[in-house]
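Everything numeric in this text was worked out from a predicted model, so none of it was measured.
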Amino acid sequence: MNISYDQYKLFRCAAQCESITLAAEKLYISQPAVSQSICRLEEAIGCPLFIRTPKGVKLTAEGQVLYKYVSEGMDKFTEGERRLTAMLRLDAGEIRIGASDMTLEFCLLPYLEKFHLKYPNVKISVTNNPTPQTLELMKSGRIDFAAVSEPFSHDDLEVIPIREVNDIFICGSKCEIKNGCTISEFKNKLILLEENTSTRSFLDTEFRKRGFNASPKFELATSPQIVSFASRNMGIGCVVSDFAKNAVLNGEVKEIVTADPLPPRSICIIRSSEEHSRAADVLLKMITEPNKY
């Protein structure tokens, strides 16, 4: 059946008003136009939909069945339009983000705060995982974008460097290691993040360049744990400098400046080439083009 949305709209309005005349007035069209539309609808359906009375119209049994589904369907259309409009205005919607502890705290958090203040009705879901797991979520389409630290494999992903970070070595007050030494001199005292993280992969590569393989004294799950262990003189921790900043200022740990410092690396935003929601695009622009916001 070749029946248009407008025909169903006129049919529904006439059923609600129980009057062709009132429906025409409500929709700002002529009465003959409403009557003709309903007649064409009845012809297409193959049965009468209204009983004409001196006071107006009433639905037939068949008309009542059609009205129920047409009304529900049009309500769905209206709700869909309302929700879509809300999403485009950023009065609704959801953003799914992947991040590690480091990238969340030292990269994303200020932008998430700013976005939330401006668009409080947009839901933001943050999945907190090491970079390899975050990349898997990205590739499977379960997150819109991610903030990850180098190194990582980025086949078919757009990569936008956001800020540079430095990995440093820290120790407690009883540590006898002096500035100017090489990393290999304290290789057996290291406190490092667990394997299967981008940071650990980066460190393992750098250590091999210096002629040794990492054999850490402690392997821990988070950088704050490394700072705590180092402050208790349990070894020499390696963390991104941001994590140790307050502890260094407070005298809880001290930085060891080596003769062969680790090179800087970047925190990057990664996203796939697929289309994203308007909310995700606006947040991404806030992060990658901060001067415009």
Side-chain angles (χ1 to χ4, degrees), residues 97-115 126-135 138 143-155 157-171 179-183 190-210 214 220-227 230 236-250 253-272 283-293:
I97 304 170
S100 65
D101 289 336
M102 177 179 70
T103 59
L104 178 60
E105 184 169 354
F106 300 117
C107 177
L108 287 183
L109 199 53
Y111 299 108
L112 296 181
E113 179 184 15
K114 185 176 182 180
F115 183 91
V126 181
T127 302
N128 187 232
N129 281 310
T131 295
Q133 288 92 320
T134 297
L135 288 169
M138 183 82 260
I143 54 178
D144 296 307
F145 67 90
V148 297
S149 57
E150 294 178 320
F152 56 86
S153 174
H154 50 81
D155 293 341
L157 295 174
E158 180 183 0
V159 179
I160 308 170
I162 298 300
R163 61 159 295 191
E164 198 172 81
V165 293
N166 293 92
D167 298 89
I168 63 171
F169 296 96
I170 56 173
C171 63
N179 289 340
C181 64
T182 62
I183 299 172
L190 290 170
I191 307 171
L192 304 177
L193 285 176
E194 296 172 328
E195 295 181 337
N196 298 319
T197 63
S198 61
T199 295
R200 181 59 184 273
S201 175
F202 167 74
L203 294 176
D204 286 345
T205 298
E206 290 299 319
F207 294 156
R208 285 193 293 269
K209 290 179 181 179
R210 289 159 175 77
L220 303 176
T222 68
S223 293
Q225 290 175 347
I226 293 176
V227 176
I236 296 174
C238 184
V239 294
V240 169
S241 59
D242 298 80
F243 279 110
K245 182 177 179 180
N246 290 334
V248 172
L249 291 175
N250 295 335
V253 297
K254 58 184 179 180
E255 180 181 355
I256 300 174
V257 181
T258 65
D260 53 344
L262 298 169
R265 54 195 177 110
S266 294
I267 293 176
C268 302
I269 296 296
I270 59 170
R271 61 180 295 181
S272 68
L283 178 55
L284 273 169
K285 288 180 180 178
M286 278 189 174
I287 297 169
T288 58
E289 304 174 33
N291 292 335
K292 295 183 179 180
Y293 291 86

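Between the side chain of R200 and the backbone N or O of L193, at least one donor-acceptor pair lies under 3.5 Å. No donor-acceptor pair under 3.5 Å is formed between the side chain of D167 and the backbone N or O of S241. Remark: the backbone N or O of S201 is paired with a side-chain donor or acceptor of T205 at under 3.5 angstrom. For the pair S266 (side chain) and P161 (backbone), a donor-acceptor distance under 3.5 Å is absent.
At a threshold of 4.5 Å between non-hydrogen side-chain atoms, the residues I287 and I160 do not count as touching. At a threshold of 4.5 Å between non-hydrogen side-chain atoms, the residues F207 and L190 count as touching. Counting heavy atoms from C-beta on, the side chains of I143 and I97 never come closer than 4.5 Å. Considering only heavy atoms from C-beta on, K254 stays 4.5 Å or farther from V248 through its side chain. Using a 4.5 Å heavy-atom cutoff, the side chains of L192 and L203 are in contact. You'll find the side chain of R163 reaches within 4.5 Å of the side chain of D242, heavy atoms only. A heavy-atom distance below 4.5 Å is not found between the side chains of L220 and T222.
Across every non-hydrogen atom of L262 and C238, the tightest pair is CD1-SG, 3.9 Å. Shown here for P130 and N196, the closest heavy-atom pair between the two residues is CB-O, 3.9 Å. E206 and P263 get closest at one heavy-atom pair: OE1-CD, 3.4 Å. Across all non-hydrogen atoms, the minimal contact from N129 to T134 is O-OG1, 3.3 Å. Between C181 and I256, the shortest heavy-atom contact is SG-CG2, 4.2 Å. When every heavy atom of V240 is checked against every heavy atom of R265, the shortest pair comes out as CG2-NH2, 3.8 Å.
F106 pairs by the ring pair (Phe, Tyr, Trp, His ring centres under 6.0 Å) definition with F243, not counting sequence neighbours.
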(message) Would F145 and I270 count as a side-chain contact (heavy atoms from CB on, under 4.5 Å) here? Give the steps.
(response) CA-CA 6 Å; F145 67 90; I270 59 170; over 6 Å; no
(request) Start with the C-alpha gap between D260 and R210, add the side-chain angles, then the distance that decides, and say whether salt bridge (charged side-chain N to carboxylate O under 4.0 Å, His left out) holds. (result) CA-CA 9 Å; D260 53 344; R210 289 159 175 77; 3.3 Å; yes
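For D204 and K209, the salt-bridge test fails: no basic side-chain N is under 4.0 Å from an acidic carboxylate O.
With no hydrogens or angles considered, a side-chain donor-acceptor pair links S149 and S198 at under 3.5 Å.
In E289, the CD atom is crowded: over 12 heavy atoms of neighbouring residues, nucleotides or ligands sit closer than 6.0 Å.
None of L283, I269, I267 except one satisfies the side-chain contact (heavy atoms from CB on, under 4.5 Å) rule with L108; the exception is I269.
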